[in-house]
Amino acid sequence: MQFDATEYRYPSRRTTVYGTRGMVATTQPLAAEAGLEMIKKGGNAVDAAIATAACLTVVEPTGCGIGGDAFALVWVDGKLHGLNSSGTAPMRANADVLRAKGFEKIPLYGWHAVNVPGTPAAWAELSARFGRLPLTEVLKPAIYYARNGFPVSPYISTLWKKAFSAFEKNLKGAEFKHIFDSFTINGRAPAAGELWRCPDQGDTLELIAETKAEAFYRGALAEKIAAFSKAHDGWLSAEDLAAYKPEWVTPISVDYRGYDVWEIPPSGQGIVALMALNILKHFEFSERETVDAYHLQIEATKLAFADALKYVADPRNMDVSVEALLSAAYGAKRAKEIDLTRAAMPAHGAPNAGGTVYLSAADGDGGMISFIQSNYRGFGSGLAVPGTGITLHNRGNNFSLDPASPNCLAPGKKPYHTIIPGFLTKDGQPVGPFGVMGAFMQPQGHVQTVMNLVDFGMNPQEAFDAPRWQWIEGMQVGIEAHAGTGIAHGLDARGHEVLFDCDTASYGRGEMILRCENDVLCGATEPRADGHVAVW
């Protein structure tokens, strides 16, 4: 067992927040309040979510940007709708070129990791279908903060410094100059409480609002993005941007002890959480803080990831169906494969044989939305389009270069995608949106959140305050320090390679809003970040 001796600074306990007429929960107070402002102006949960999301690209650029991807689960008029607004690989993308250059995986930084961004299209699509307020009104707070400035919050300041420390070591080409020009103060990250402004980003947001994102895909902004790509031999073109459209998809779910847990279908990795829960429902959990409970959750999640990393990709390229992966019989079969006394190396089964920011919003009329957007790794690819405040994501890094993989890079294809919004219903009625951001921590956070609520009877804030675990790779798992040394030693004895972790940064950041039987809204936010629940 390894021990991380970093000074432990777990934030003080928060309390669950209640309201009736509207609620927004996210990782930054100004963004949450911007969303609630839309509800007070006569907008709904979707308007609030878009306002918050746009604001987050300004006040939390360490986790998202205008040039990222987005997903949403929206409860409107008694039905759950799913939106996949992730981007495709450019039509010039070529895995052979990268293999010939000696790459074994897609580079994390630079143009080869850049797919078509989907975030602006998500805002426009959600607004057009479900919003009440014009996009010009909804994006006003984000435009204001970009142009006039805001004091950087503490946790974001820390992430900003970490990001640019990595950039200074890794970003050497001329194409990376603009990220330093646009997102530093004289070459350094802003400190907590220091005012930050990015007028170019304000202008870009205003143009997106006025054109309903057309400028980003088929107008002035598209021209700037394409020109920047061409100047540095990037794959992304004006034609790629012009051809892009987000997809409305049918959400997928499993029943977990009477609750339906909903996720976006592949290419997203939400199916990992559902597969793990489909295994875990075959076990009984009476206490949370036991070695047995941790061990079973970790082993089930490892099995789910093994299957996802083998089979999940752009659904057009999958040769295993979602139905097969989520079947009751396959869940029962995988449950029997878990050794209750010993950790095992994860291996995929045969189912056919049997950065990021998240927000929840709810209005007083029954509407609810689970929304997530991301540049993938912090500021993304390290590329900022000159004069726009647009940071481009590096989601293409999730593609494989293995020709045998269904997730192998190819033109017009979507990669295995890590960002996932979650939603709970019971007996056909909405319980509410939830999410835990953080790359491959996300489905693991979903599993733990659902189990904390359903198996262990926690209220929403208790569910987020509780210590988390994460499977890292192979036999290696991380356990947050406040789980206690007994849990860590117990897992170590069962063969897990345990990192007893004092650094909470990699354990995800969650938000949740649940609707009680009396229609009171109940919200919780992440104690590991600058989380905030705005309530009316």
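These figures come from a predicted structure and were not determined experimentally. Worth knowing before you read on, the calculation uses all heavy atoms, side chains too, and leaves out hydrogens, waters and symmetry mates.
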Between the side chains of Thr356 and Arg509, is a donor N or O closer than 3.5 angstrom to an acceptor N or O? no
Is it true that the side chains of Glu526 and Thr27 contain a donor and an acceptor less than 3.5 Å apart? no
Minimum heavy-atom separation for Thr16 and Asn459, please, with both atom names. OG1-OD1, 3.2 Å
Is it true that atom CZ of Phe180 has more than 12 heavy atoms of other residues, nucleotides or ligands lying nearer than 6.0 Å? yes
Is Arg515 positioned over the aromatic face of Trp75, cation under 6.0 angstrom from the ring centre and no more than 45 degrees off axis? no
Residues pairing under salt bridge (Lys or Arg N to Asp or Glu O under 4.0 Å) where one sits in residues 198-217, two or more places apart or in two chains, turn out to be Arg147-Asp203, Arg147-Glu206, Glu214-Arg218
Do Asp69 and Lys414 meet the salt-bridge criterion of a basic N to acidic O distance under 4.0 Å? no
Quick one: closest heavy-atom pair of Val249 and Pro265, and the distance? CG2-CD, 3.8 Å
Would you say Tyr358 and Ser370 are linked by a side-chain donor-acceptor pair, where the criterion is simply a distance under 3.5 Å? yes
Report yes if the distance between the aromatic ring centroids of Phe71 and Trp262 is under 6.0 Å, otherwise no. no
Tyr259 OH: over 12 foreign heavy atoms closer than 6.0 Å: no
In chain order, what residues pass the side-chain hydrogen bond (donor to acceptor under 3.5 Å, both in side chains) check against His532, with sequence neighbours excluded? Glu33
List the residues meeting ring pair (Phe, Tyr, Trp, His ring centres under 6.0 Å) with Tyr145, not counting sequence neighbours, and say none if there are none. none
Go through the side-chain N and O atoms of Ser405 and Asn407 and say whether any donor and acceptor fall under 3.5 Å apart. no
Applying side-chain hydrogen bond (donor to acceptor under 3.5 Å, both in side chains) as the test, list every pair that has at least one member in residues 176-199; sequence neighbours left out. Lys177-Asp181, Arg188-Glu194
Applying ring pair (Phe, Tyr, Trp, His ring centres under 6.0 Å), can you list everything that pairs with Tyr155, at least two apart in sequence or on another chain? none
Which residue is it: Ile513, Asp363, Asn44? I am looking for the one with a side chain to side chain contact (heavy atoms under 4.5 Å, CB included) to Met368. Ile513
Who pairs with Asp233 by salt bridge (Lys or Arg N to Asp or Glu O under 4.0 Å), at least two apart in sequence or on another chain? Arg92
Are there over 12 heavy-atom neighbours, none belonging to Lys105, within less than 6.0 Å of that residue's NZ? no
Any side-chain donor near an acceptor of the partner, Thr391 and Asn375, under 3.5 Å: yes
Hey, is Glu37 close enough to Lys41 for a salt bridge, meaning N to O under 4.0 Å? yes
Step through it carefully: locate the ring centre of Phe183, locate the ring centre of Phe164, and say whether they are under 6.0 Å apart. no
For Phe228 and Trp111, what are the C-alpha separation, side-chain angles and deciding distance, and is it a ring-ring contact (aromatic ring centres under 6.0 Å, His included)? CA-CA 10 Å; Phe228 184 37; Trp111 281 105; 5.2 Å; yes
